[in-house]
2 protein chains.
Amino acid sequence: MSANSRLTIAAHALAWISLYQRQGHEVATSEQIATSANTNAVVIRRLLGELRRAGLVESRRGGGAGWSMARELESITLLDVYEAVEPGPLFAMHRATPDQECVVGYGIQPAMQGIYEVIEETLRRELARVTLEDVLRDILAAPR
Amino acid sequence: MSANSRLTIAAHALAWISLYQRQGHEVATSEQIATSANTNAVVIRRLLGELRRAGLVESRRGGGAGWSMARELESITLLDVYEAVEPGPLFAMHRATPDQECVVGYGIQPAMQGIYEVIEETLRRELARVTLEDVLRDILAAPR
DNA sequence: GATGGTCGTAACCGTAGTCGTTACGACATT
DNA sequence: AATGTCGTAACGACTACGGTTACGACCATC
């Protein structure tokens, strides 16, 4: 399926910002987050930009600028992050429409569409069960 | 996530072969299936090759060659097909290992790994609930 | 044993998505 | 005015997917 790391990095960034703020800081910079996630600051800004559009974080520009949470960590679920960062569906249909003269070619798409909807709804429900507060707790629970 | 159509095409092929056999034919050719799915026969052979490795179909070579089912349609679930054609995990970790000096960088991977395992297990359970007999029934139920 | 149809598979190409990187303007604090 | 950061475009490397061509391997049939 060619998995990507967008959900992972987004969760990483949100957890980092929250923890940093709980330590008394106002905002976190994309550079700091990128260092923690071992990636490039532009990658972080791009991802956080999508999370901002979803209303999960805020950004300030100018001097002393950076990112801060727009919502409480316990009110954000992995589904919120997933939807902000992963638009499309999980499974794709045929590239070219199948042969409509064939019984299978005619019925396959509605059939699979219905099945996929149920499956993706289950995935969403499962993602919605995990809050970012849960994630941060798990992070801090790592043995040291 | 850049979804692909492998599961859809594989289900299409299996449904087509089964229906064709139920109509009294011995084997189905990749050319016939490709016509129904509106794709190239090589694409079908590649996919069916993976399904053969998983023990779902058989192939005969030589004259009058083609593909036939190796198992009953009602004993095959979408999970069987999914596992045969989609190897990797759904979500990826960081490309480069995050900063192990950072609390978040240190704990994020075990945390997300545990969460992802639960989610993917749920997905598998859901895929396992749908048999290809269900799929074929839905296909034939399409209004005409 | 020659023929013909089909599988099995390699090779290549176009397209798209992800990620990293550089660059630079916009902006606000100082 | 200077500085630090965001916002975003642009580009390249890499990978995956799907389509296509090509050709050898195989076997039923004649």
Tell me whether the OP1 or OP2 atom of D/dG19 has a side-chain N or O from B/Thr39 closer than 4.0 Å. yes

What is the distance from CD of B/Glu50 to P of D/dA16, rounded to the nearest Å? 13 Å

For atom CD of A/Glu26 and atom P of C/dT30, their distance in whole Å: 11 Å

Verify, without hydrogens or angle tests, whether B/Arg71 (side chain) and B/Leu56 (backbone) share a donor-acceptor contact under 3.5 angstrom. no

Going by atom types alone, do A/Thr8 and B/Tyr116 pair a side-chain donor with an acceptor below 3.5 Å? yes

For A/Arg45 and C/dA26, give me the distance from atom CZ to atom C1', rounded to whole Å. 12 Å

C/dT6 OP1/OP2 closer than 4.0 Å to side-chain N/O of B/Thr29: no

Rounding to an integer number of Å, can you tell me how far A/Arg46 CZ sits from C/dG20 P? 9 Å

Using modelled atom types only, decide if a donor and an acceptor are shared between the side chain of A/Glu120 and the backbone of A/Leu90 within a distance under 3.5 Å. yes

Judged by modelled atom types alone, do B/Thr77 and B/Thr131 share a side-chain donor-acceptor pair under 3.5 Å? no

Checking contacts here: which listed nucleotide (D/dG18, C/dG8, D/dC6) is nearest the side-chain heavy atoms of A/Ser30? D/dC6

Rounded to whole Å, CZ of B/Arg60 lies from P of D/dA28 at a distance of 8 Å

Find which nucleotide of DNA chain D each of B/Ile9 and A/Gly66 is nearest to by heavy atoms, and output the residue with the more 5' nucleotide. A/Gly66

Are A/Ser5 and C/dC19 close enough that a side-chain N or O sits under 4.0 Å from OP1 or OP2? yes

Quick one: label B/Arg6 by what it contacts on the DNA or RNA (base, sugar-phosphate, nothing), any heavy atom closer than 4.0 Å. sugar-phosphate

I need the CD1-P distance between A/Ile44 and C/dC19, as an integer number of Å. 11 Å

Starting from the 5' end of DNA chain C, give me the residue, A/Glu86 or A/Gly64, whose nearest nucleotide shows up first. A/Glu86

Consider side chain to side chain contact (heavy atoms under 4.5 Å, CB included). Of B/Ile17, B/Leu14, B/Asp80, B/Ile76, which one does B/Leu51 pass it with? B/Leu14

Once you apply a heavy-atom cut-off of 4.0 Å, does A/Asn4 come out as touching a base, just sugar-phosphate, or nothing? sugar-phosphate

Whole-Å distance, B/Trp67 CH2 to C/dC7 P, equals 7 Å

Using whole Å, report how far CG of A/Leu48 lies from P of D/dG7. 9 Å

Taking for each residue the nucleotide of DNA chain C with the nearest heavy atom, is it A/Val42 or B/Ser2 whose nucleotide lies nearer the 5' end? B/Ser2

Along DNA chain D (nearest heavy atom to each residue), the more 5'-positioned of A/Glu31 and B/Asn40: A/Glu31

